[in-house]
Number of protein chains: 2
Amino acid sequence: MAGPRFLKLPPPQQQAILRAALEEFAAHGFHDASLNRVIETAGISKGSMYYYFDSKADLYSHVALTELGGLMARLGPVPPLDEGDAETFWSVVEDFYLRAMRALIASPQLAALLRGWSSASKSPAFQPAQGAIEQESTPWIELALAAGQKVGAVRSDVPPTLLLSVVFGMGEAMDLWLMSQEPDDESLPATIHSLIGMIRGAVAPPN
Amino acid sequence: MAGPRFLKLPPPQQQAILRAALEEFAAHGFHDASLNRVIETAGISKGSMYYYFDSKADLYSHVALTELGGLMARLGPVPPLDEGDAETFWSVVEDFYLRAMRALIASPQLAALLRGWSSASKSPAFQPAQGAIEQESTPWIELALAAGQKVGAVRSDVPPTLLLSVVFGMGEAMDLWLMSQEPDDESLPATIHSLIGMIRGAVAPPN
DNA sequence: ATCAGTCTAGACCGATGGTCTAATTCGTCA
DNA sequence: TGACGAATTAGACCATCGGTCTAGACTGAT
């Protein structure tokens, strides 16, 4: 797992390493990123790198978690979802999604990082480190789905795992599509409204 | 691109190479598959391999295309989708999806191959070979979507590229989920019905 | 001053995808 | 049949990869 040894470094050096790693991972994705380039950019030796982190995957997950934490902090607290009716549920979700997308558009490196994660996470070698990130992101969706079911906004007639998979897949596809559009801040709300509408159509209780 | 040189080989040797490659790619995915293992299993030298194919990605795309072609052939002709009303459109889609899934379940190696493709295809190195496969699969979805719009089964109020992305993402997620369920042939139709219902909810015209 | 523990540097390892050249096979024409 | 040129093959070779290992530099305590 993530080493406490890394956290004992002087913060500037921590940042130098994290910055180099983020740059490399965002530019090339997990597989094609080169650890050698990272240590060269960061100005440390390979021995040191492997003293701080267990593996490439360990470094990646640490970078991803740190950046994700920063994003969440910038977004502020997650609004409660299980108080109100179905309509307010969806409007709250839409609002939060809009804010998240705005933040993501503002930091394209993070966007690239998260984009690459879903491809990397399927690799067997990634399995150990995968848990950490997944436990940071999927529980949120799970909670949101459960809350949606509670207020009648989300169907309960299919297995929860299917619901989760589909929402995750749609979210991934939508994020990717959205980024490829280079969206302007003006038309974004309307676009997000369409996207949430499609998710809603998929997971809302059938008539 | 795919070499005509490979096609000049005696068919048995072609099959030996394709079989070895399929085995390796299905078992380890694109990135973690080893070309050295493939040539060892196939009983050819590295020089020959690179005489037949330009690169690892080229070999992969050739294997994937061949297998995909075989699957399509086994499925038979694609039924016409633009004749009838929305309801028949969805029932035809559902029927075709059911047949495709049955075929996919019957050949787990092909399923593993296609599963791995979506992860591999995002890699920059894969870009050249990606086009070939994508042009084999996405046009079908595009045509289906266009037919759906013609008969009023699919919404026309969002960009077609978004529709395509979302359907692709949902399909990917559903296939993955379905495979992880080890579905039995008996309950499959009902499950597929749920899945198509979700896609329908996402892309059907809003009220 | 010495010793134990922490940390660093970089040579080293097996394996990878890909290149290159020398040799061999093969079809063709004399 | 012999010979020439192109098609094909074999495998040594290359840079690079993620990861290991050891020799030494530092640091704080006794």
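Just so we're on the same page: letters track the sequence lines, and every chain starts at 1.
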Whether Phe96(A) and Trp140(A) hold their rings parallel, tilted or perpendicular, with breakpoints at 30° and 60°: parallel
dT8(C) OP1/OP2 closer than 4.0 Å to side-chain N/O of Tyr51(A): no
Touch class at under 4.0 angstrom, heavy-atom based, for Lys46(B) against every strand present: base
Nucleotide dC17(D), atom P - distance to CE of Met49(A) in whole Å: 13 Å
Phosphate contact (dA10(D) OP1 or OP2) by Ser48(B) side-chain N/O below 4.0 Å: yes
Residue whose closest nucleotide on DNA chain C lies nearer the 5' end, Arg5(A) versus Arg37(B): Arg5(A)
Atom-pair distance (CD1 on Ile39(B); P on dG11(D)), nearest Å: 10 Å
Qualifying residue for side chain to side chain contact (heavy atoms under 4.5 Å, CB included) with Ile105(B), from Asp184(B), Leu188(B), Leu178(B): Leu188(B)
Candidate nucleotides dT16(C), dG19(D), dA9(C), ranked by approach to the side chain of Tyr50(A) - the nearest: dG19(D)
Aromatic plane relationship, His31(B) with His31(A) - under 30° parallel, 30 to 60° tilted, over 60° perpendicular: parallel
Shortest side-chain distance from Lys8(A), nucleotide among dG18(C), dC17(D), dC7(C): dC7(C)
Charged N-O contact under 4.0 Å between Arg115(B) and Asp175(B): no
Candidates dT9(D), dG18(C), dT8(C) - which lies nearest the side chain of Tyr52(B): dT9(D)
Whole angstrom value for the distance that separates P of dT16(C) from CG of Leu35(B): 9 Å
Atom-pair distance (CG on Leu9(B); C1' on dA7(D)), nearest Å: 12 Å
Nearest-Å distance for atom pair OH/C1', residues Tyr60(A) and dG18(D): 17 Å
Heavy atoms from other residues, nucleotides or ligands near CD of Gln109(A) exceed 12 (cutoff 6.0 Å): yes
Phosphate-side-chain proximity, Asn36(B) and dT16(C), N/O vs OP1/OP2 below 4.0 Å: yes
Atom pair distance, as rounded to whole Å: NZ in Lys56(A) and P in dT20(D): 14 Å
N/O (side chain, Ser45(B)) to phosphate O (OP1/OP2, dT9(D)) under 4.0 Å: no
Distance in angstrom units between His31(A) NE2 and dC17(D) C1', rounded: 13 Å
Rounded distance in Å - CD (Gln13(B)) to C1' (dT9(D)): 10 Å
